[in-house]
J.: 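A single structure is presented below for examination.
Values below: all heavy atoms of this structure, side chains included; hydrogens, waters and symmetry mates excluded. Order of the sequence lines fixes the chain letters, A, B, ..., with proteins taken first and strands second; residue numbering starts at 1 for each chain.
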Amino acid sequence: MNNYEDTIIALATPAGYGAISVIRLSGKDSIYTANNYFVGKRPLYEVQSHSVHYGKLVTPNSEVIDDVLVTVFRAPNSYTGEDSVEISIHGNPLITTKVIELFMHAGIRNAEPGEFTRRAYLNGRIDLAQAEAVAELISARSDTSLRGARNQLDGLLSQKVTQLRDSLIKTSSLVELELDFAEEDIEFVDRTSLVSMINDILTELESLIASYSFGKTVREGINVALVGAPNVGKSSLLNYFLKEYRAIVSDIPGTTRDVLREELTIDGILYKLFDTAGIRDTDDVIETEGVKRSKETVINSDLVVFLNDATEQFNTQLYAELCSLTPQERIISVFNKCDKTENRLTNNIYISAKTGEGINTLFQVLREKMLGVNTYTEKTAIVTNARHHVALTKARENLTNSLTAIGNQFTGEYIATDLRAASESLAEIIGEVSSDDVLNSIFSSFCIGK
Amino acid sequence: MKSYDVLVIGGGHAGIEASVVAAKMGCKTALATMEKQGIGRLSCNPAIGGTAKGHLVREIDALGGVMGEIADATGIQFRMLNRSKGPAVWSPRSQNDRTLYNNKAVEVVENTQNLDIVDFSIIEIIQEAGVVTGVKTAEGEFISAKAVVLCSGTFLNGLMHVGVDSIKGGRFGEQPAVGITASLVAMGFESGRLKTGTPPRLRKSSIDFSSLEEQAGDEIPQPFSHRTLLENFPFQPQVSCHITYTSEEVHKILEKGFDLSPMFTGRIQGVGPRYCPSIEDKIVRFAERTSHQLFLEPEGLESDLIYLAGFSSSLPAEIQLEAMRKIKGLEEVDMVRAGYAVEYDFFPPHQVDLTLETKLVKGLYFAGQVNGTSGYEEAAAQGLIAGINAALKIKGEEELVLRRSDAYIGVLIDDLVNKTTDEPYRMFTSRAEHRLLLRQDNADIRLSHLGKRIGLIGDNEYAQVMEKQRKVEEGKRYCEQTKLPIAVINPLLEEAGSQALQTPETLSKLSKRPEITLRQLLDKVPAQESVPEYFSNQEILDKVEIDLKYEGYIKRQQDQVDKMERYEEIRIPFNIDFSSIKQLSTEARENLTKHRPRSVGQALRIAAITPSDISILLVYLKK
């Protein structure tokens, strides 16, 4: 059974912050796929088993995610007994999420509960007295994940996806009708209406896919790095939050000295504020470590609040440094101590950590930057789960293919194949469609039969 | 005491294939039928094939079955349906002379060595310790058999309905088979009741065809069987069908009879097929339609009968006649026999394995309508597989199970075994998820190696199929390697409204353009002498073109097949006790126990089985 099954991925170390986190891939494509995003000295498929390689993990858009250490294990000498790769990254949930999403979009599946252990057992890598222990494990974990899936957001999503699938079944049935019942005395769908039906479904899919950044934000919060030279009032700002919003200061192991995190919820949105120590290069060994961590935080945050003193000059030097770390549009320049001066430049945000002036405006800007001006109400279906996001993206691709097929004057059975593939992609979220569903739709809408 | 290797009960389309194939494979075989001349009688349409059903006939033929040959010999009209669609859904269909078909079927069975036709009525199937031992006849005689294949169609406790009258029987003028169901239920089988119907038969000379739309066959008819020689084909004179329509006036008259309809009064309990509704059903369910299409199909060259397809009914005979006389062309019609419904026993097919052997009694096989299917072709396909497996088992050879990716036959049996159906099952192309790979034109390439393995396809025949396949592969390579210069190809592209080229391009890339055919491209190859000779063979040209044009789709389907393959290969032992695996969900335990899947792939297709259940199952299989 070695290298028999498809390739899966999961975080192997506890979720959260730590010195390092390890992400494990297992299955026949693990080494090749990892190599596709790895920039190092040698391609991973050439290296020996049980060897460790330093390099960078890079997205298809050439964005560097992290410096990593990759360990390659070849079947059968790995935990699961399959070809496996372990990627050690910096222990930061922001990086973990990015890496796992990167691989999921490359076609690697999120591991089912207990799946690594199951594979290890099936490949004879672990010797359990009884198979029952593994079975219990799978059963228990899937219960937990099922319970987790039954929250309100997922309920709304599955309602929405069920609607989309029903439209897809309807569309498929119109195509199948002309294939299986060509001899019948019924009117078949013309290609123009078919295209418009598919486009309607695509539009809905698009909006669901677009909701992912919002959904992810709802689930994970907006990560905001707070950067500023000493004495611009970072501490007083944080104290203001503590007092006014009852912010929670979390104790981040190993980083308390370097990065401080506060969490606060405003208008239903969770903000995670990271107070950075400083990003200027220094010779001091201890400070160097702090600078490294601050830079990492800036790079991986969704937004950066760049705090200035309204009574002083704008810190162009620090701003330039920031721009070298993160795209300019993610940086929001904010001027503190506005209670001490009347100077106002348009389009800048002025706040006072002392009086609270402008703070609401600041969060409004943060929210709009991140989520756009679209409002999502409690009744809107939102995608919060990376697996669902991948499934919807695949469905979109299938439907786009069906439009191409129609454009190329391909006959019905090819269009039907794409539509079926789209249904199968949605099945990842709400379960299988069988050919009976399509036939049922035909029989209920058309008079068939000689 | 009479003794056989294989005893087949019923001489319909399933029984013919089962008995002929078992005998050809060397088993001493008997075909038990109440009436020898009833063998191969077409109970309903005088037609073979049609959408998806035509695929089944081609596959039966490729495996060495006889339905295709009989249909070719007796066809009086041949049409390739769906010609305007892509090649995957082309389906051959024929109108057949009912008498000739019947005679030819009897002849085929009679001329098969090792095969006895025995005309006794069987009332009981006998088993000992879960293994079939034989059957008992109405006269009380015991006939021993190593395998029994039950193909009794609509005859098990058959009950025919016309209006308020019910007559016991499996087909007009024929007795029902009583006793078999009871003996199987006593063994522990679950039985159910289904219903089907047939339309009136009309006197041809009483119909005015001059006012009706004519539907002729194809100009160049194609046979079902790849063994049929094209020289003298078609063997019979070819005739046309005609088309007419019902009207609101007709519907009004039929509605008068609804109070007397066995369907609406609840006297028929069996469930009928939605794809083959009675005319009364159509009027009720699609009340907004003021007219329904009807086909007048000739029953034969010499016959004075016409089959009125689309007018299946169990309303009182006088109502049927009164309504028909309001239909265009039928104003003076003479009804020879009224339409009727027939109810019969079936055994929900989760009780059979993929070989069609019952899970309860070894050596006992079910095929055809007893498994809840409808249609001659569906029945024949199952008869063939049941007969092959009965013979293989007796010979101690490896069973034959077709996968969903091998054939429509595989889809058919897999669906029957794994799904719970509550209406007669009919094949549709949309049921085959690998439809693009399972074309009627490549049935021989897909299946001949299996026919050869079991000894039904000879070495020569097999070599011919392989040679064809080799040329197709070579043809594809030629197209991938041969480039057309710009000067040669651009005029053609412009003419076809396709984008012109900057650099030379291969035939295979160019053939993907929808506006251009491979034939056109091959004609433009500058060195005509390099174009392989086999491209003049239309069949090979078509196959190469299909493979090139739809390469992306074909590859994706093949990838899906490969992905599923690994699960199909993981076997589940027959004696596994699903109910003892307490980590499975209750529903999973129940459904797995009911369907008894033989592979993990099959388990995946059973209702309510989740990926977690599959994981747990895998762990237990390892244990």
J.: Closest approach of A/Glu178 and B/Lys85, non-hydrogen atoms and distance?
T.: O-NZ, 3.3 Å
J.: Quick check on B/Ser585 against chain A: is it the side chain, the backbone, both or neither that has a heavy atom closer than 4.5 Å?
T.: neither
J.: Of all heavy-atom pairs between A/Leu179 and B/Val89, which one has the smallest distance, and what is that distance?
T.: CD2-CG2, 3.8 Å
J.: Which heavy atom of A/Glu413 sits nearest a heavy atom of B/Pro87, and at what distance?
T.: OE2-N, 3.5 Å
J.: Does NZ belonging to B/Lys555 count more than 12 external heavy atoms closer than 6.0 Å?
T.: no
J.: To the nearest 0.5 Å, how far apart are CG in A/Asn401 and OH in B/Tyr553?
T.: 6.0 Å
J.: Does A/Asp180 reach the side chain of B/Arg426, with side-chain heavy atoms less than 4.5 Å apart?
T.: no
J.: Around atom CD of B/Glu515, are there more than 12 heavy atoms of other residues, nucleotides or ligands at under 6.0 Å?
T.: yes
J.: Flag the pair B/Arg435 and A/Glu176 as a salt bridge only when some basic side-chain nitrogen lies within less than 4.0 angstrom of an acidic carboxylate oxygen.
T.: yes
J.: What part of B/Glu288 gets within 4.5 angstrom of chain A, counting heavy atoms only: side chain, backbone, both, or neither?
T.: neither
J.: Do the ring planes of B/Phe428 and A/Phe181 sit parallel (below 30°), tilted (30 to 60°) or perpendicular (above 60°)?
T.: tilted
J.: Who wins among B/Arg556, B/Lys549, B/Lys563, B/Gln560 for the most heavy-atom pairs under 4.5 Å with chain A?
T.: B/Arg556
J.: Find the distance between CD (B/Glu433) and OG1 (A/Thr417) and round it off to the nearest 0.5 Å.
T.: 11.0 Å
J.: Under 4.5 Å from any heavy atom of chain A, what part of B/Arg83 do you find: side chain, backbone, both or neither?
T.: neither
